[in-house]
Number of protein chains: 2
Amino acid sequence: MKNLSIGALATRTGVKIPTIRYYESIGLLPEAPRTDSNRRLYDDAMVKRLRFIRHARDLGFEVEAIRQLLTLTDDPGQSCHEADALAQAHLADIESKIVRLQALQEEVREMVAQCGQGQVRTCHVIEVLADHAHCLHETH
Amino acid sequence: MKNLSIGALATRTGVKIPTIRYYESIGLLPEAPRTDSNRRLYDDAMVKRLRFIRHARDLGFEVEAIRQLLTLTDDPGQSCHEADALAQAHLADIESKIVRLQALQEEVREMVAQCGQGQVRTCHVIEVLADHAHCLHETH
DNA sequence: CTTGATCCTCCAGTCACTGGAGAATGTACG
DNA sequence: CGTACATTCTCCAGTGACTGGAGGATCAAG
């Protein structure tokens with residue numbers, strides 16, 4: 001699909017209009033071409049890019065990390081050295097997030113199971129998520 | 001360990017001192033007891049609670065969600081009805097995050113593998129993460 | 001051609017921190 | 001015991017990532 005308005009882009013991605021303009025202003029999205037009357041135009045490629053940004057933000061990645069990931073995809077001929085190091089760092093980060101989410105999931109499930117027996121009794125979500133063993137690459 | 005200073009708590013959890021005070025100010029941490037000279041005192045329970053908060057924030061949960069999760073654990077006798085609904089909602093959210101992280105992981109891995117052959121060639125991180133099928137419970 | 005929806009820019013507000021100023025307190029060494 | 005350096009205190013201003021309102025232009029339908 002070509003020539004989407006900013007509103008159409010917003011409904012297709014779940015990203016609010018002011019946020020889309022904000023992403024453009026900080027360079028996460030390229031400057032959109034405009035109509036004669038100065039309105040922004042988007043296409044399917046932008047829908048995909050914006051959905052990617054939205055998911056990554058929702059998963060706790062900050063804008064700078066997303067910018068790096070996007071550079072990786074925007075610049076297919078770039079040197080492998082930098083790209084690889086960057087990708088490895090992000091992989092470690094992703095792995096750590098998955099492990100901690102799974103621990104959290106397990107604990108909430110257990111809590112719900114106990115709940116089925118009448119009351120939320122002993123909950124140790126905190127103990128599990130606080131476990132330092134789940135911090136794979138962090139320095140604290 | 002008892003009677004930790006705010007600095008000791010900060011180094012044990014990786015959370016900065018002003019952030020700890022901020023969490024107290026918004027009620028995520030209880031008001032810490034003070035020494036005669038007005039300095040905050042913490043114990044191991046607070047180390048665990050704070051590590052939990054840090055991980056959850058890092059995983060993209062917002063403060064309100066964390067507050068709810070903490071209420072679940074703080075209040076073991078609470079009614080099951082509310083707690084269960086709340087926990088189910090958080091479980092769906094966690095599941096969705098895991099799925100999207102795994103898709104991202106897969107794609108970055110593939111990108112790195114291609115990288116081993118010389119260059120970052122065709123990268124479709126965006127396509128995968130942008131896939132609407134990965135949005136399990138969201139309305140967009 | 002009017003009416004309502006959508007868009008524009010600009011700018012102020014919110015959430016979740018982050019850090020500096022200035023003052024008080026603690027700790028360590030000569 | 002004093003003095004020097006570290007740590008803490010409160011208050012307040014700044015940052016990152018949005019979020020939303022004001023005021024005005026433009027578009028699409030009837």
**Q.** Ranges pairing with ranges for DNA chain D, where each run has three or more Watson-Crick or G-U pairs under 3.5 Å
**A.** C:1-30 with D:1-30
Q.
Can you list everything that forms a side chain to side chain donor-acceptor pair (under 3.5 Å) with A/Ser5? Sequence neighbours excluded, please.
A. none
Q.
Taking side chain to side chain contact (heavy atoms under 4.5 Å, CB included) as the definition, give me every residue that meets it alongside A/Gln68, ordered by chain and number, with sequence neighbours left out.
A. A/Leu86, A/His90
Q. Side chain to side chain donor-acceptor pair (under 3.5 Å) with A/Ser37: which residues, sequence neighbours excluded?
A. A/Thr35
Q: Sugar-phosphate means primed atoms, P, OP1 and OP2; the rest is base. With that split, encode nucleotides 16-28 of chain D 5' to 3' as B, S or - using protein heavy atoms under 4.0 Å.
A: -BBBB----BBS-
Between the protein and nucleotides 1-4 of chain D, list every N/O to N/O distance that falls short of 3.5 Å.
none

Q.
Tell me the closest heavy-atom pair linking B/Gly7 and B/Ile17, and the distance in Å.
A. CA-CD1, 3.9 Å
Q) Quick one: B/Tyr42 OH to D/dT7 C1', roughly how many Å, whole number? A) 14 Å
Q) Is the side chain of A/Ser96 donor-acceptor paired with the backbone N or O of A/Ala92 at a distance under 3.5 Å, no angle test? A) no
**Q.** Donor-acceptor under 3.5 Å (A/Arg51 side chain, A/Arg12 main chain)
**A.** yes
Q) side-chain contact (heavy atoms from CB on, under 4.5 Å) between A/Leu41 and A/Leu4: does it pass, once the steps are laid out? A) CA-CA 6 Å; A/Leu41 287 176; A/Leu4 296 166; over 6 Å; no
Protein N or O to nucleotides 27-29 of chain C N or O, pairs below 3.5 Å:
none

(Q) Measure CZ/B/Arg54 against P/C/dA16 and give the value in whole Å, please. (A) 17 Å
(Q) Restricting to side chain to side chain contact (heavy atoms under 4.5 Å, CB included), what partner residues turn up for B/Ile26, sequence neighbours left out? (A) B/Tyr22, B/Tyr23, B/Leu28, B/Val63, B/Arg67
Q) Hey, does the side chain of A/Arg40 come within less than 4.0 Å of C/dC8's phosphate (OP1/OP2), counting only N and O? A) yes
Q. What integer distance in Å separates B/Ile66:CD1 from C/dC15:C1'?
A. 13 Å
Q | Expected output: side-chain A/Lys97 to main-chain B/Asp58 donor-acceptor under 3.5 Å | A | yes
Q) Within this structure, what is the CG-to-C1' distance between B/Asn3 and D/dT8, rounded to whole angstrom? A) 16 Å
Q | Rounded distance (Å) that lies between atom P of C/dT25 and atom CZ of B/Arg34 | A | 13 Å
(Q) Applying side chain to side chain contact (heavy atoms under 4.5 Å, CB included), can you list everything that pairs with A/Arg40, at least two apart in sequence or on another chain? (A) A/Ile6, A/Arg21, A/Glu24, A/Ala32, A/Arg34, A/Tyr42
**Q.** Separation of atom CG in A/Leu9 from atom P in C/dT6, rounded to whole Å
**A.** 15 Å
Q: Report yes or no: does B/Arg57 contribute a side-chain atom to a donor-acceptor pair with the main-chain N or O of B/Ile53 at less than 3.5 Å?
A: no
Q. What residues, two or more places apart in sequence or in another chain, satisfy side chain to side chain contact (heavy atoms under 4.5 Å, CB included) together with B/Pro30?
A. B/Met46, B/Arg49
Q: Return the value, rounded to whole Å, for the distance between atom CG of A/Leu41 and atom C1' of C/dC7.
A: 12 Å
Q. In whole Å, what is the span from the CD1 atom of A/Ile17 to the P atom of C/dA5?
A. 14 Å
**Q.** Carboxylate-amine/guanidinium proximity below 4.0 Å for B/Lys2 and B/Asp44
**A.** no
Q: Return the minimal non-hydrogen interatomic distance between B/Thr13 and B/Leu9, and the atom names on each side.
A: OG1-O, 2.8 Å
